Amino acid sequence: MGYNFKEIEKKWQDKWYQEGTFNAKNDFTMKKWFGLIEFPYPSGQGLHVGHPRSYTALDIIARKRRMQGYNVLFPIGFDAFGLPAENYAIKNHIHPKITTEKNINHFREQLKSIGFSFDWSREINTTDPEYYKWTQWIFIQLYKHGLAYKATMPINFCTGCKVGLANEEVVNGVCERCGSPVVQKEKSQWMLRITKYAQRLIDDLDDVDFLDKIKAQQKNWIGRSEGAEVTFKIADSDETLTVYTTRPDTLFGATYMVVAPEHHIIEKLSDKITNMDEIEEYKHQASLKSDFERSELNKEKTGCEIKGIKAINPLTNKEIPIWISDYVLITYGTGSIMAVPGHDTRDHEFAKKFNLPIVQVIKPADETIKCDVDKEAFTDVETGVLINSGFLNDLSVVEAKKKVINYLEDNHIGKKQVNYKLRDWVFSRQRYWGEPIPMVYCEKCGWVPIPEEELPLKLPEVEDYEPSENGESPLARHEEWVNTICPHCGGKARRETDTMPQWAGSSWYYLRYMDAHNDKALASKEALEYWSPVDWYNGGMEHTTLHLLYSRFWHKFLYDIGVVPTKEPYQKRTSHGMILGSNGEKMSKSKGNVVNPDDIVSEFGADSFRVYEMFMGPFDQTAPWSMESIRGCSKFLDRVWNLQSLLVDGEEYSPKFEKAMHRAIKKVSSDIEEMKFNTAVSTFMTLVNDFYKEKSINKAEFKTFLQLLNPFAPHMTEELWQTVLGGTEMLAYMKWPTYDEAKTIADEITLPIQFNGKLKATITISLDEDEESVKEKVHQAVEDKLENKMIVKEIYVKNKIYNIVVK
RNA sequence: GCCGAUGUGGCGGAAUUGGUAGACGCACUGGACUCAAAAUCCAGCGGGAAACCAUGUGGGUUCGAGUCCCACCAUCGGUACCA
């Protein structure tokens with residue numbers, strides 16, 4: 001009797017989704033578990049085989065939690081604003097709303113065909129005004145608390161299409177679509193002050209259970225550094241230059257300074273500068289370069305001395321030259337540096353090229369280590385000792401830092417300073433398909449948020465989605481929408497025409513799931529209290545520094561204003577590996593190695609697809625797709641189905657399988673918790689092989705087996721449970737099997753015997769057998785091999801191994 | 001360049017975290033069933049005749065190393081001069 005997966009999977013999916021079998025319960029007295037996967041962007045290509053890897057993993061955990069008695073919230077939704085829908089609309093003149101709806105319907109069907117236990121009653125869509133009403137509401141709160149502000153920031157502007165471009169649309173300095181050069185264009189944009197939360201975003205990582213590599217990546221991205229600000233006087237002038245340095249200890253070795261081309265000191269002192277033409281030319285050249293070019297093409301250092309002005313090193317009191325160079329960035333620190341070529345590799349490279357003086361101020365503590373700062377910068381902080389540094393001489397780097405900072409503070413020429421690499425979040429997009437920013441500009445009152453009771457501010461339905469030639473959003477052309485009245489004074493005002501970035505909707509979506517249809521608040525207090533925080537969030541490593549950090553920032557803000565009850569949104573964060581094409585390369589249309597999940601489901605069924613996705617390799621590592629391997633998983637499930645032909649009566653595990661059953665429960669239970677799904681599947685396979693070998697499985701064994709396998713292959717196991725074992729309740733809600741530790745331990749052990757660590761023989765002993773008796777057996781077993789050998793030592797590790805050191 | 005992963009049969013990968021390397025699956029080989037094929041079932045499957053040799057390479061620690069330490073090589077991913 002063959003297994004008709006098409007019919008049976010459909011049958012169970014219809015039942016689950018019509019009856020809402022897996023919907024979270026509104027009983028707030030139960031213990032809860034909230035599992036979250038990153039909601040997909042509903043692209044026109046449909047679901048990728050990578051999506052189900054993460055979804056199946058958390059579905060397995062969610063299904064196990066239900067069996068463990070938890071009230072489980074495992075929701076799904078769609079992150080539907082974004083560039084591809086808008087670009088598609090521009091090309092084909094179909095409103096993004098229409099394509100988005102079509103794509104979501106397709107995704108929903110695909111997801112249902114794989115049998116995920118999502119709570120579909122809470123489905124959300126970031127483009128739904130009832131959803132983005134609250135995205136806009138959060139923005140207004142940010143504005144009211146001074147965390148949203150306007151600033152002039154450069155955008156990528158395509159000189160061909162006359163539109164602003166996202167970084168990913170700029171390839172090698174030209175527009176991805178038309179190939180025209182991309183220039184930087186200044187534009188006033190909304191910014192979010194994430195930097196205010198930098199320290200807390202680092203500190204609170206201590207309280208959450210994120211993978212270490214995720215924590216490390218977030219910390220590195222935020223990039224806290226400790227150092228000092230030092231003020232240098234400009235000779236014959238009242239002006240000063242302030243620098244940030246992590247190495248104030250090397251101040252005696254600062255032989256010149258470098259400022260960013262955009263630095264204001266150039267304008268301020270332009271009357272003193274004697275080579276203004278040369279400088280203007282360098283500035284011009286630098287401004288032509290995009291950030292991309294500055295870094296990619298500029299391996300060789302460039303620069304230009306600012307003639308006519310000199311700075312004074314505050315410790316040596318010597319005059320030192322000031323240069324401009326684009327390796328100094330206006331966006332980090334103070335936009336100017338003190339250069340210590342003896343102890344910084346970039347400064348060294350620059351000094352060598354332009355023949356600037358190099359002074360050694362640190363030497364290795366260990367005299368035997370050679371060090372020639374004329375050839376190479378000496379950068380070892382750990383073991384360095386100060387020289388040529390006046391009052392700092394003979395101190396270690398650490399001591400010198402402390403002492404010099406005290407000196408700087410006492411003499412008011414500097415202070416201790418903490419810096420972060422993290423920058424504020426540019427929140428404006430000159431795009432149509434995003435949440436309108438709910439602000440109006442009034443000549444009299446300035447920027448005013450629209451009243452909260454007027455939310456949502458709906459995106460107007462327009463016909464043309466191309467951005468304007470001046471780089472404004474398409475909305476700017478719609479005067480009837482733009483012109484409005486000031487909520488504050490009632491006078492004439494204009495709406496903000498930029499929209500929010502795609503990150504906005506995904507920064508708080510997990511909160512909406514807790515109470516998805518609330519029209520009074522983003523979620524009720526009770527629901528937030530009960531469901532917060534997300535217990536387990538799985539997603540891709542690529543979202544570690546943007547999405548994950550942005551949503552932690554928003555959450556912390558909402559915590560500060562009393563909206564949410566926890567400091568952190570996610571208690572646990574794990575990540576999955578990418579699925580590559582069968583040739584080991586990233587799946588892409590152009591490489592022709594894309595696998596369509598629909599084809600897999602219709603050829604092998606959802607259960608086989610799920611089992612294969614879990615079996616293909618370690619969950620957190622990339623794995624190539626293999627059609628042969630999925631056939632193996634499908635074969636395994638056929639063997640499970642056919643176990644019914646071996647079924648015998650029995651209410652207890654039979655003696656021959658008792659140990660195996662207890663071990664399997666233990667192994668599968670812990671493997672699921674540790675996301676070692678591949679070895680859990682191999683445990684199932686081994687067990688099935690054993691049943692076939694013995695040509696028997698009793699009802700008790702079959703029941704436990706089906707329960708363990710249910711989270712992986714929910715359709716087939718539910719069917720077998722109800723039709724073969726006569727189950728009346730859903731297997732999905734039966735209590736998760738338990739095991740007895742004592743029954744997992746073997747009472748006989750195969751003991752390996754080694755000579756010098758190399759296996760020579762094995763013997764069978766009983767568990768915890770007395771050492772004398774083991775020794776006797778060992779010697780009996782290897783008697784002949786011991787001839788002509790001298791025993792130096794014997795090591796017995798109880799129940800593990802017996803090693804004889806021989807000569 | 002820097003940071004982070006990873007490196008084990010023909011292939012995907014196991015290995016109780018320092019204790020029998022190669023579980024499980026794929027591919028392959030042989031057998032059974034069949035008129036035949038597919039499917040299914042059973043058996044074999046790192047190399048070597050053997051002693052032995054084998055976990056990217058070279059050292060080290062240890063009674064014992066895929067696992068720990070040092071140096072290097074390769075592949076993949078992230079990032080771009082962060083003072």
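Residue numbers start from 1 in every chain, and the chains themselves are labelled A, B, ... in the order their sequence lines are given, proteins ahead of strands. Quick caveat, the model's predicted, so the values are computed rather than measured.
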A:Ser225-A:Asn419 side chain donor-acceptor pair, cut-off 3.5 Å: no
Under the salt bridge (charged side-chain N to carboxylate O under 4.0 Å, His left out) criterion, do A:Glu38 and A:Arg573 qualify, and how do the steps go? CA-CA 11 Å; A:Glu38 286 169 347; A:Arg573 168 81 180 187; 2.9 Å; yes
Stem list, RNA chain B (Watson-Crick or G-U pairing under 3.5 Å, at least 3 consecutive pairs): B:1-7 with B:73-79, B:10-12 with B:24-26, B:28-32 with B:40-44, B:56-60 with B:68-72
Kindly compute the distance separating OG (A:Ser766) from CG (A:Asn799), expressed to the nearest 0.5 Å. 9.0 Å
Please tabulate, one pair per line, each protein N/O and nucleotide N/O from nucleotides 52-56 of chain B that are separated by under 3.5 Å, including the distance.
from	atom 1	to	atom 2	distance (Å)
B:C52	OP1	A:Lys760	NZ	2.9

Would you indicate what A:Asp344 reaches in the nucleic acid, counting non-hydrogen atoms under 4.0 angstrom: base, sugar-phosphate, or nothing? nothing
Look at the aromatic rings of A:Phe350 and A:Tyr256 and report parallel, tilted or perpendicular, splitting at 30° and 60°. parallel
Closer than 4.0 Å, any side-chain N/O of A:Tyr327 to the OP1 or OP2 of B:A83? no
When we call it a touch if two heavy atoms are under 4.0 Å apart, what does A:Lys421 touch: a base, just sugar-phosphate, or nothing? base
For a quick check of understanding: with a heavy-atom distance under 4.0 Å over all strands, which category does A:Thr750 fall into, base, sugar-phosphate or nothing? base
Could you give the distance separating B:G56 and B:A15 at their P atoms, to the nearest angstrom? 16 Å
Determine whether the aromatic ring centres of A:Phe604 and A:Phe5 lie less than 6.0 Å apart. no
Rounded distance in Å - CZ (A:Phe604) to C1' (B:A39): 14 Å
Taking atom NZ of A:Lys659 as the centre, does the number of heavy atoms from other residues, nucleotides or ligands within less than 6.0 Å exceed 12? yes
Counting only side-chain heavy atoms from C-beta out, which of B:C42, B:A83, B:U20 sits nearest to A:Ile801? B:U20
Please tell me which of the listed nucleotides, B:A83, B:G19, B:U20, lies nearest to the side chain of A:Thr762? B:U20
Gap in Å between the two C1' atoms, one belonging to B:A54 and one to B:U8, rounded: 10 Å
Nucleotide N/O to protein N/O under 3.5 Å, stretch nucleotides 23-28 of chain B:
from	atom 1	to	atom 2	distance (Å)
B:G25	OP1	A:Asn689	ND2	3.0
B:C26	OP1	A:Lys635	NZ	3.2

Worked check of salt bridge (charged side-chain N to carboxylate O under 4.0 Å, His left out) between A:Glu769 and A:Lys777: CA-CA 11 Å; A:Glu769 188 166 326; A:Lys777 282 186 184 172; 3.1 Å; yes
NZ/NE/NH1/NH2 to OD/OE distance under 4.0 Å, A:Glu741 and A:Lys666: yes
Once you apply a heavy-atom cut-off of 4.0 Å, does A:Val805 come out as touching a base, just sugar-phosphate, or nothing? sugar-phosphate
When you measure from the side chain of A:Thr255 to the backbone of A:Pro357, do you find a donor-acceptor pair of N or O atoms at a distance under 3.5 Å? yes
Rounded distance (Å) that lies between atom P of B:A83 and atom CG of A:Asn419: 8 Å
Rounding to the closest angstrom, what is the interatomic distance between B:A71 and B:G22 at atom P? 32 Å
Closest nucleotide among B:U6, B:U20, B:A83 to the A:Gln621 side chain: B:U6
Which value, rounded to the nearest 0.5 Å, describes the distance between A:Tyr796 atom OH and A:Ile753 atom CD1? 10.5 Å
